[in-house]
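Heads up: the structure comes next, in structure tokens.
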Amino acid sequence: MHRSEITIDLGAIRHNARRLLEALDGAELWAVVKANGYGHGASEAARAALEAGASLLCVATVSEGIALRRDHPDARILVMCPGDPAEAREARLELVVSGGGKIPREVPVHLKLDTGMGRWGLSELPQPTSNVVGLMSHLATADSDPAFARQQLERFREATEPYAHLTRHIANSAAALRLPDARFGAARCGIALYGISPFDTDPAEDGLRPVLSWRSRLAQVRLLQPGESTGYGRRFVAERPTWIGIVPVGYADGFRRDMTGTEVLVDGEAHRTVGTVSMDAVAVELDRKLPVGTPVTIVGDGLLIERHADAAGTIGYEIACGINSGAGRARRVVVG
Ligand SMILES: *Cc1c(COP(=O)(O)O)cnc(C)c1O
């Protein structure tokens with residue numbers, strides 16, 4: 001038996017892509033599949049998004065672009081962080097230019113203007129050369145402060161107005177869903193494609209369906225007597241006779257140490273995790289003796305990644321990117 005299994009539902013990605021296209025009302029959907037598709041698998045996520053109508057794939061690095069090119073010979077692929085133009089040209093990638101100096105001529109280029117993110121981006125837009133195909137910027141607060149986002153949109157609109165014939169793009173998922181002014185020609189959407197809420201709420205509120213589920217089983221069940229503990233550091237000590245189950249999933253699989261206390265579903269019922277999460281295991285408090293092999297859902301069946309993010313004091317993005325289905329860890333199954 002595998003220690004745990006991650007299921008990726010490509011039908012849910014197609015649904016989310018269609019939902020975004022509907023919200024975008026005519027603007028193009030560009031699917032962000034950087035960081036191995038936020039832990040979901042870049043190549044398959046890209047395929048599902050393209051099937052549902054996405055017209056370009058965004059990655060962070062040239063290496064990610066080269067890997068994606070193998071499975072997607074005809075797709076437009078945009079690299080959003082600085083990269084080597086010669087390498088990009090070889091793999092027919094498009095590049096973002098976000099710093100000063102000459103605009104490379106080898107590849108199609110998107111000029112990135114800083115309108116308030118204060119990270120990558122040019123402070124002034126140079127005269128676009130003939131190989132510039134897009135003008136872009138990135139929003140710092142689309143999920144949290146629409147007033148600041150509107151200021152950024154205004155700066156972007158003003159600076160790019162003379163070049164409205166180029167594809168202008170500034171929206172991420174949050175803006176695509178809730179800021180109609182941010183649409184312009186295209187939107188670069190990642191998190192919403194995976195059915196995770198950019199607002200840390202229930203994704204169903206925005207018509208999105210979770211894509212990833214993660215299941216395991218109880219591998220060991222034992223009774224702790226009062227004063228006995230489970231795990232490193234004895235951070236959980238039983239006060240009364242307590243049944244605990246050991247789930248063979250730990251921080252090396254992406255079940256982070258700071259997720260201690262988060263709930264998982266044991267045979268469909270919510271139970272809290274207790275003690276220190278180890279590299280390869282986590283303990284769950286049970287209310288009775290259950291058989292070894294009882295199903296445990298870590299994500300799915302209504303239990304959202306967002307709730308684990310809350311427990312860990314982070315965002316769904318970081319939990320998803322950290323799930324490790326590499327060799328010898330969770331088995332990955334793609335459906336739909
Ligand atoms: C990651 C990224 C996005 C996608 O953001 P989501 O919130 O996941 O939709 C868009 N634009 C840039 C520049 C990014 O780095």
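What you see is a predicted model, and the numbers here were worked out from it, not measured in a lab. Both ligands and their constituent atoms are indexed starting at 1 by order of listing.
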Qualifying residue for ring pair (Phe, Tyr, Trp, His ring centres under 6.0 Å) with H169, from F156, F184, W30: W30

Shortest protein heavy-atom distance from atom 11 (N) of ligand 1, along with the residue and atom involved: R188 NE, 2.9 Å

Protein heavy atom at shortest distance from atom 8 (O) of ligand 1: Y38 OH, 2.5 Å

Heavy-atom nearest option to atom 9 (O) of ligand 1, drawn from S173, S98, P198: S173

C189 heavy atom under 4.0 Å from ligand 1: yes

Short N or O distance, G190 and ligand 1, threshold 3.5 Å exclusive: yes

Nearest non-hydrogen protein atom, atom 12 (C) of ligand 1: H138 CE1, 3.4 Å

Polar contact flag for Y317 and ligand 1 (N/O pairs, less than 3.5 Å): yes

Gap separating the CD atom of E22 from the CG atom of D25, nearest 0.5 angstrom: 9.5 Å

Beyond-backbone contact of D253 with R3, side-chain heavy atoms, under 4.5 angstrom: yes

Test item: side-chain donor near acceptor, R240 and T242, under 3.5 Å: no

Atom 3 (C) of ligand 1 [closest protein heavy-atom partner, distance rounded to 0.1 Å]: K34 NZ, 3.9 Å

Short N or O distance, I191 and ligand 1, threshold 3.5 Å exclusive: yes

N324 side chain to G254 backbone, donor-acceptor under 3.5 Å: no

Shortest non-hydrogen contact between I6 and S325, atoms and distance: CD1-CB, 4.1 Å

Stepwise salt bridge (charged side-chain N to carboxylate O under 4.0 Å, His left out) check, R178 with D206: CA-CA 9 Å; R178 298 202 189 170; D206 290 282; 2.8 Å; yes

